[in-house]
Number of protein chains: 2
Amino acid sequence: MPTISDVARHAGVSVSTVSYALSGSRPISAETRERVLASMKLLGYHPNAMARSLATRRSRVIAMIYPEVDRGLGGTGGEFVRASAERARELGYQLVLWPFRAEEARQVRNLVRQGTADGVLVMEVLLDDERIDVLEEAGIPYTMIGRTRDVTSRHSVDIDFEATVEATIEHLVGLGHRRIAFVNHSRESLEAGYGPTVRVAAAFDRVMSERGLRPLARTCSDSPLDGRAVMGDLLAADPHLTAVVTMNELATFGVFAELQRRGLAIPADVSVMGIVSSPGVGTLSNPQLTTMHSPGAELGRLAVDRLLTQLDDSSRPVPNLLIPCVFEPGLSVGPARTEPDDAPQRP
Amino acid sequence: MPTISDVARHAGVSVSTVSYALSGSRPISAETRERVLASMKLLGYHPNAMARSLATRRSRVIAMIYPEVDRGLGGTGGEFVRASAERARELGYQLVLWPFRAEEARQVRNLVRQGTADGVLVMEVLLDDERIDVLEEAGIPYTMIGRTRDVTSRHSVDIDFEATVEATIEHLVGLGHRRIAFVNHSRESLEAGYGPTVRVAAAFDRVMSERGLRPLARTCSDSPLDGRAVMGDLLAADPHLTAVVTMNELATFGVFAELQRRGLAIPADVSVMGIVSSPGVGTLSNPQLTTMHSPGAELGRLAVDRLLTQLDDSSRPVPNLLIPCVFEPGLSVGPARTEPDDAPQRP
DNA sequence: GCGCTTCGTCGAAGCGCTTCGATGAAGATA
DNA sequence: TATCTTCATCGAAGCGCTTCGACGAAGCGC
């Protein structure tokens, strides 16, 4: 591996001239620049990343803290990671993976202190998340994917759960649905303060109540088996429900199975709509699931952009971003069936 | 951020003493070591990774080249990445992601030359893969997940496709199946020389032929829709087939749908067995899919171990590893139905 | 023709660490 | 007691780069 002084010697200039020729941070005559660049090419020179980092105190590395790349199925996590890594590369940064859960905040601190990363991306943020406190304290730029409880002075991009729920209910109500149930993620994730679980639960309650509808909701562990049980439970709670909204991809398979077992046709008897789902997951069901798919790749890119803006110019304020899920048509949602006991309706 | 000389000053020793106290590479009296460690703790000192790397010419970073974290569904890719990152961390390394496809070998070379990574992990290796040539040429340690065509002098871990197919066919034949069809990944991936596609195709041919059975196989793009079409095609080619082996998770959903549409019961009429599938994917089908799931996490850990062994002691030869898939029982495989035209069988 | 600015380049310091050779103080040996 | 080791520690060099101050050579106005 040739070094900068090999290049300098070969081109007959000083080391600093080579550096300036490369960075352009001081004027260099066109002629010598040519000569230097030619030498570089000839020798196959590539600046050593570590030496450069040491001198500039910038590693051009961003870290991504992620507890799980994949939650079971669901390409969302992976999609997010890939999009971030790609965007980072486009902008000349590298992405390192720090596999830490919320409880491992101390490890995060240690790694941050080592100075390997110029900035940090945090996935799967909890409402109260120690890792964020550590990052704040260390004074290192970061961007959350997700949001802590209070987010006013913090940097985040997130799915716009509220708007997503709003659009979903709007869509269903527009098709005549009034009795709409919701299948959430697990009770544990709700209690742990996992953002999507908490925010969607709250949004569903609010949006339904605002319309004078009953917000029938259940938590459900991430498995088809529990999805079946919960679907049964929901039908017991309201035998006349006409639509089910589910944020739990694995459970959705159970929801389908249970409805079909009971002879309820989708969507003729019951419509099913997936929200915050990974792209393509809709095609796996029969009939194909209508979804609001989560903008994983877009969030990944935006998170990186946002973080790097902060790095380049920490004074520039960057607004927090909320991206709603995208409607992806399927065959699992249709007009509400007219219920006998819905009869006394106004026209 | 305190530096090593802050610590030295505070403890009243020289910089080198601090370094030795930390690394233990020269004897230091217990007393001064204590004093130094106390100062470190008090000052909150963490050695700067970049400076250390520059001095030692070791970055303690390994890079992972991956074209896709997720192929649609399938947590295998993500599982692999996560397991690798975790294992690397356990051993004091960081994992950076290099999102390069096989065509982007030049970019790989540039990054390698920068010296950011001590070693490289390459996912989704093709039979003929330029990236591997680049790594060989650069003389940087690497480990493939997957294999190039000739692997004798190269470092790899991979799924043991041959053993997996062998075990699968064995299992089915043991249940009386003779007419077994195979649904592979896409024709494009076969032609691109994507390892799993090619090796399993070959293994299926061989294993079936060795048993005097007809190796009925089809490529199929990764989608439920094409899965349906291919299933129809297979039934046209052999209306009496009793088992389908599929390596294509998305297509499997279509296979199920098509069989059910035709009133063929699973497994009473046709058994379906998924191979090289991501863990948990079996539970999504109804009836639950019997699979040979791919040992993604194990491969991830092993790949890292293997690479780091090479780094520590490049002379020590490390054998290439092949890990078979693991049988995961489900409800989609049963005894072969007795076909009218299979009648003249020996007892 | 003089001083003044501008331009292009150089040398050296420094980023924070590791590591090698040297050194002085004990302790062991004769 | 003089000599040789051994042990613990120090100082300095060096990893490959950036960047600051300096300096000579042109170019400028008057």
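Labels below follow one simple rule: chain letters A, B, ... track the order of the sequence lines, proteins then strands, and each chain is numbered from 1.
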Colleague: Applying side-chain hydrogen bond (donor to acceptor under 3.5 Å, both in side chains), can you list everything that pairs with A:T152, at least two apart in sequence or on another chain?
Modeller: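 Only A:D150 meet the side-chain hydrogen bond (donor to acceptor under 3.5 Å, both in side chains) criterion with A:T152.
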Colleague: With the threshold set at under 4.0 Å for non-hydrogen atoms, list the residues of residues 28-40 of chain A touching DNA chain D in residue-number order.
Modeller: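 Contacts with DNA chain D under 4.0 Å: none.
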Colleague: For B:D160, check salt bridge (charged side-chain N to carboxylate O under 4.0 Å, His left out) against everything at least two apart and list the hits.
Modeller: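 None.
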Colleague: What distance do B:T309 atom OG1 and B:L302 atom CG have between them, rounded to the nearest 0.5 Å?
Modeller: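 CG of B:L302 is found 10.0 Å from OG1 of B:T309.
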Colleague: Quick one: what's the B/S/- string for nucleotides 11-18 of chain D, heavy-atom cutoff under 4.0 Å, read 5' to 3'?
Modeller: B--BBBBB
Colleague: Under the side chain to side chain contact (heavy atoms under 4.5 Å, CB included) rule, collect the residues that match up with A:R113, sequence neighbours excluded.
Modeller: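 Once residues adjacent in sequence are excluded, the partners of A:R113 under the side chain to side chain contact (heavy atoms under 4.5 Å, CB included) criterion are A:R109, B:M1, B:H46.
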Colleague: With sequence neighbours left out, what residues match B:R149 under side-chain hydrogen bond (donor to acceptor under 3.5 Å, both in side chains)?
Modeller: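 Counting only residues at least two positions away or on another chain, B:R149 forms a side-chain hydrogen bond (donor to acceptor under 3.5 Å, both in side chains) with B:D128.
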Colleague: Based on the rotation axes of five pairs at each end, what angle does the helix from C:dG1-D:dC30 to C:dA30-D:dT1 bend through, to 10°?
Modeller: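 Rounded to the nearest 10 degrees, the bend comes out at 40°.
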Colleague: Under the side-chain hydrogen bond (donor to acceptor under 3.5 Å, both in side chains) test, which residues partner B:R26, sequence neighbours left out?
Modeller: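 Checked B:R26 against side-chain hydrogen bond (donor to acceptor under 3.5 Å, both in side chains); zero matches.
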Colleague: Can you sort out the partners of B:E298 under salt bridge (charged side-chain N to carboxylate O under 4.0 Å, His left out), two or more places apart, ordered by chain and number?
Modeller: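 Scan of B:E298 (salt bridge (charged side-chain N to carboxylate O under 4.0 Å, His left out), adjacent residues dropped) gives none.
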Colleague: Tell me which donor-acceptor pairs under 3.5 Å the side chains of residues 54-64 of chain A have, and how far apart each pair is, sequence neighbours excluded?
Modeller:
from  : atom 1 : to     : atom 2 : distance (Å)
A:T56 : OG1    : A:R52  : O      : 2.7
A:T56 : OG1    : A:R58  : N      : 3.3
A:T56 : OG1    : A:R58  : O      : 3.4
A:R57 : NH2    : A:A55  : O      : 2.8
A:R58 : NH1    : A:Y93  : OH     : 3.1
A:S59 : OG     : A:V61  : N      : 3.2
A:S59 : OG     : A:T116 : O      : 2.7
A:S59 : OG     : A:D118 : OD1    : 3.0
A:R60 : NE     : A:G92  : O      : 3.3
A:R60 : NH2    : A:L91  : O      : 3.4

Colleague: What residues, two or more places apart in sequence or in another chain, satisfy salt bridge (charged side-chain N to carboxylate O under 4.0 Å, His left out) together with B:E136?
Modeller: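 So B:E136 forms a salt bridge (charged side-chain N to carboxylate O under 4.0 Å, His left out) with B:R154.
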Colleague: Under the rule for side-chain hydrogen bond (donor to acceptor under 3.5 Å, both in side chains), what residues qualify as partners of A:E90, not counting sequence neighbours?
Modeller: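 Per chain and number, A:E90 pairs via side-chain hydrogen bond (donor to acceptor under 3.5 Å, both in side chains) with A:R87.
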Colleague: Check the distance between D:dC10's P and B:R9's CZ and give it to me in whole angstrom.
Modeller: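 My rounded result for the distance is 14 Å.
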